[in-house]
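Residue indices begin at 1 and follow the sequence shown. The structure presented is a predicted model; accordingly, all values stated were derived computationally and were not measured.
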Amino acid sequence: MSTDPVGRFLTALDPDHREAVGAKPRQEQERLAAAWERELESDDELDTLDELSPPAAEEEAARRVMEREIGQRPL
């Protein structure tokens with residue numbers, strides 16, 4: 001498992017978003033990964049899910065971040 005936040009974020013994304021984010025500049029990938037890490041740290045529901053299935057919590061946080069981003073700017 002990668003310890004690089006961008007790598008972990010890309011792994012948590014669904015294949016379509018992974019490809020789209022992977023094509024973005026590194027700075028944008030880092031911004032999205034930072035938003036993903038904040039989502040993981042700040043949501044108590046994800047803490048509970050993380051205890052049961054860390055990959056599921058990471059996927060849910062990635063989904064939430066991308067849902068917000070899609071509403072703000074095109075992929």
### Message
Distance check, rounded to the nearest 0.5 Å: E59 atom CD versus D14 atom CG?
### Response
9.0 Å

### Task
For residues R8 and E37, report the shortest heavy-atom separation together with the two atoms involved.
NH1-OE2, 4.1 Å

### Query
Under the side-chain contact (heavy atoms from CB on, under 4.5 Å) test, which residues partner A61, sequence neighbours left out?
W36, E39, L40, L46

### Query
Short question: side chain of E28, backbone of V21 - any donor-acceptor pair under 3.5 Å?
no

### Residues that E19 engages under side-chain contact (heavy atoms from CB on, under 4.5 Å), provided they are two or more places apart
none

### Query
Out of curiosity, Q29 CD to L10 CG, how far, rounded to the nearest 0.5 Å?
5.5 Å

#### Entry: Polar side-chain atom of E30 near backbone of V6 as donor-acceptor pair, under 3.5 Å
no

### Query
Are side-chain heavy atoms of F9 and H17 found at a separation under 4.5 Å?
no

#### Entry: By side-chain hydrogen bond (donor to acceptor under 3.5 Å, both in side chains) - contacts of R63 (at least two apart)
E60, E67

